[in-house]
Amino acid sequence: MSEQQVSVKGQDGGQAEVAAGATAGEALRALGLFRGQVLAARVDGQTRDLATTIADGARIEAVPADSEEGRQILRHSVAHIMAQAVTDLYPEAKFAIGPPIDNGFYYDFDVAEPFTPTDLERIEDRMRAIVREDQAFQRRELPRDEALELFADQPYKVEIIHSVEDQVISVYDNVRPDGTVWPDLCRGPHLPTTKWVPAFTLQRVAGAYWRGDERRPMLQRIYGTAWESRKALKAHLRQLDEARERDHRKLGRELDLLSFPEELGAGLAVWHPNGAIVRKQMEDYARAEHLRRGYEPVYSPHIGRSQLWETSGHLDFYADGMYPPMELDTGGESRGSVRGSEGGAQRGTDYYPKPMNCPFHVLVYRSRTRSYRELPLRLFELGTVYRYERSGVLHGLLRARGFTQDDSHIFCTAEQIVDECVDVLEFAVDLFRDFGFAEGPSRVALSTRPSKAATVGTDEGWIHAEAALTETLERSGLDYVVDAGEGAFYGPKIDLQVTDAIGRAWQLTTVQVDFNLPERFGLAYVGPDGAEHRPYMIHRVLFGSLDRFFAILLEHFAGAFPTWLAPVHAVVVPISDRHHAYGDQVVAELVAQDLRATLDDSDDTMGAKIRKHQLAKVPYQLIVGDAEAAARTVAVRPRQGDQRKDVPVAELAAELAAEVAGRRSL
RNA sequence: GCCGGGAUAGCUCAGUCGGCAGAGCGAUUCACUCGUAAUGAAUAGGUCCGGGGUUCGAUUCCCCGUCCCGGCUCCA
């Protein structure tokens, strides 16, 4: 090897000699790794510009455009292009941050007037011009004071520079055709030039606080997305359309499942018969399965005295999430009022709507002396709770102010925690399977203790609880990740996510170990030694919120519920009026098998009836005419797939009953 | 809560530069009695989200409120 040569290694174990001072891009070519769209390089594990000079012995990998890392770099570069376009059009704009995010990017600007949709079009046009200009992204590194000088008129950049610990600050210059540059503070890496952008579009503008802090200025955020090809961009936009079509608020209205009447109030839904039938199936399933697995149902009221919430700690730790109290029993003529609406009256008792069910279950436990022989005690309730969510975060059933949890609290000994938690995880996986997520949880996370100051309980308690959950996960055989510091203030937890039909992740099940509430309520059980011991408590929900899970199912299935959940299993479509009588007999036969069947006796034409029920996503339409009535059969037209003619009614009833009982999908 | 955008028939939406309010679908009625995704006709249906203001006159302009949509975590 000559002095002018350096040696580089490739990701595939290959090796090559390149001239000293060669770039990462040149090294990739020498290694034969520059195949397809390569946007950047990973040099000794760190992503770098293709123009980075590499050192002797460096290990180099290609970062392709269609990798997650490649897309991030692409999106980050497009964010810069957008910022330059905004500078060109609105020279007074101040720049904040412009990172890549899942499926896109954004950039925050401080401008006098908010951007309008028309502004977005102008910005996008300007961006396309910048892409055509093939501007280089040139990296340079400067000392902190020079960087401060360069961005002296950009207060947000100055604040960022002050928060950066490195003494050397990197800046990327976009070199315009006339030789001038547009600089932006940036860690990089970036594309070599703007022309490397294959496809992008701007999407929307929204307000966003500087650094997400509502006490700081509200900036204008422009969202966009960029992809490695026009095809990939189109596919992404199609997916967004698909998500809009599946929106549970839209489907909920179209399929007459539920509504959110304005006069009822924000974040509160009423369930129509069609939605209620589906929900009832979910509730029946939950009740039956909990009973089968040794849980005991309990019921509790919707409100409770302030003293209860003081003892539980909710008024200390969760007051912001609670509805305000009602003051009752003031002793005067008044029947009471919401506190604050009337002044001066004699103090009564405050009652709060419950945001959680745990204190009530604790009261059930504490209603008498408990023996170790009763443990584990698994109390279960479909408990409706009310939480004061800020108006801006409400989102149909996915984020509501009133909803029902499939909630359970398991009281057990320290030794029983692992067994109980393992059972809960098995229960959850079975439930996911039965509701159409057969592949099981897509993400399992153990959340550990947040900073000590933000938590209650002893170090020993935390260590024991975290060890128990770790052992639970090991025994369950599920792959999991650790979310350090993401636990609740009273204990660590395990969270399970599922991924729906269009790739979105939803968190459902959560299992939390709690040694705080038993302490606060002074819970005890009498052990075999005759002495009192403190039980542990496990909080767990499987669906999480029934309402929210319903919305997830609705979107997952795009309204086409599996037969066992569908509001109507089968609708009988008579060809003409003279077949109504036979249609009634078919319905009766199906209903006798506990199937949900109806007769369409409207005077629509047959084609119109079929279209109507197809749009309503009824699993089976049963066509009956002269031939069927004579042979006591039906023509079965399933929601999807081929139709079958001349199916005997009894045979069909048995088939459908089996499909429903097996919770099979069509 | 904050920023931006909205709210017109049950639904989707048009419209009124301030002067009696529109379509399609749906509903109802009548006719049609039909063989696998829309039969035809007629009729009904509106506090133009609520309250206040400006005006001869407000669904339209202004203010306040309610509700809805998007966003407010992802560190240059």
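As the structure is a prediction and not an experimental result, all values here were calculated from the model. Chain A is the first sequence line, chain B the second, and so forth, proteins listed ahead of strands; every chain is numbered from 1.
Note on A/Tyr223: only backbone sugar-phosphate atoms sit closer than 4.0 angstrom, heavy atoms only; bases stay farther off. Counting any heavy atom pair closer than 4.0 Å across all strands shown, A/Tyr106 reaches sugar-phosphate atoms only and no base atom. Nucleic acid contact class of A/Val573 (heavy atoms, under 4.0 Å, all strands): none. Counting non-hydrogen atoms under 4.0 angstrom, A/Lys645 reaches a base of the nucleic acid. Counting any heavy atom pair closer than 4.0 Å across all strands shown, A/Arg637 reaches a base atom. Nucleic acid contact class of A/Asp102 (heavy atoms, under 4.0 Å, all strands): none. Nucleic acid contact class of A/Gly267 (heavy atoms, under 4.0 Å, all strands): sugar-phosphate only. Among the atoms of the strands shown, none is found under 4.0 Å from any heavy atom of A/Asp184. Within 4.0 Å of A/Arg253, counting heavy atoms only, lie sugar-phosphate atoms of the nucleic acid but no base atom.
Shown here, B/rC67 forms a base pair with B/rG6; the pair counts as Watson-Crick or G-U wobble because both key distances fall under 3.5 Å. Using Watson-Crick or G-U wobble geometry with both donor-acceptor distances under 3.5 Å, B/rC11 finds its partner in B/rG24. Shown here, B/rU39 forms a base pair with B/rA31; the pair counts as Watson-Crick or G-U wobble because both key distances fall under 3.5 Å. Look at B/rA58: it lacks any Watson-Crick or wobble partner with both distances under 3.5 angstrom.
Here the closest non-hydrogen pair linking A/Gly559 and A/Leu251 is N-CD1, 3.7 Å.
To the nearest whole angstrom, the two P atoms, one in B/rU66 and one in B/rC56, are 32 Å apart. B/rG5 and B/rU43 are spaced 38 Å apart, taking the C1' atom of each and rounding to whole Å. The C1' atoms of B/rU16 and B/rU39 are separated by 36 Å, rounded to the nearest whole Å. When the C1' atom is compared between B/rG15 and B/rC48, the two are found 11 Å apart, to the nearest whole Å. Using atom P as the reference point in both B/rG10 and B/rA27, the two lie 14 Å apart (nearest Å). For the P atoms, the distance from B/rG65 to B/rA9 is 24 Å, rounded to whole Å.
A close approach under 4.0 Å does not occur between any side-chain nitrogen or oxygen of A/Tyr209 and OP1 or OP2 of B/rG71. Side-chain nitrogen and oxygen atoms of A/Arg611 include none within less than 4.0 Å of the OP1 or OP2 phosphate oxygen of B/rU36. For the OP1/OP2 pair of B/rC34 and a distance below 4.0 Å, the side-chain nitrogens and oxygens of A/Arg578 include at least one atom meeting the criterion. Phosphate proximity of B/rC72 to A/Arg215: absent, as no side-chain N or O sits under 4.0 Å from OP1 or OP2. Within the 4.0 Å cut-off from OP1 or OP2 of B/rC34, not a single side-chain nitrogen or oxygen of A/Thr605 is found. Considering only side-chain N and O atoms, A/His613 lies nowhere under 4.0 angstrom from the phosphate OP1 or OP2 of B/rU36.
Annotation: of the two residues near RNA chain B, A/Ile623 and A/Ile169, the 5′-most nearest-nucleotide partner is A/Ile623.
Ranking B/rC3, B/rC75, B/rC49 by closeness to the A/Pro99 side chain, first place goes to B/rC75. Among B/rC34, B/rA37, B/rG70, the nucleotide with an atom closest to any side-chain atom of A/Ile610 is B/rA37. Comparing B/rU33, B/rU36, B/rC72 against the side chain of A/Gln643 picks out B/rU36 as the nearest.
No side-chain donor from either of A/His580 and A/Asp601 sits under 3.5 Å from a side-chain acceptor of the other. Between the side chains of A/Asp495 and A/Gln507, at least one donor-acceptor pair of N or O atoms lies under 3.5 Å. For the residue pair A/Trp210 / A/Asp108, no side-chain donor-acceptor distance below 3.5 Å is found, with atom types taken as modelled.
One atom, CD of A/Gln220, and another, P of B/rG4, lie 7 Å apart when rounded to the nearest Å. Rounded to an integer number of Å, the gap from A/Leu615 CG to B/rC25 C1' is 12 Å. The distance between atom CG of A/Asp603 and atom P of B/rG26, rounded to the nearest whole Å, is 13 Å. The separation between A/Glu159 atom CD and B/rC75 atom P is 16 Å, rounded to whole Å.
A salt bridge is defined here as a Lys NZ or Arg NE, NH1 or NH2 lying under 4.0 Å from an Asp or Glu carboxylate O, and A/Asp600 with A/Lys612 meets this definition. A salt bridge links A/Arg216 with A/Glu159: the distance from a Lys NZ or Arg NE/NH1/NH2 to an Asp or Glu carboxylate oxygen falls below 4.0 Å.
For the side chain to side chain contact (heavy atoms under 4.5 Å, CB included) with A/Glu141, the qualifying choice from A/Ile169, A/Val168, A/Val171 is A/Val168, the only one to do so.
For A/Glu389 and B/rG1, a side-chain-to-base donor-acceptor distance below 3.5 Å is absent, hydrogens and geometry of angles not being considered.
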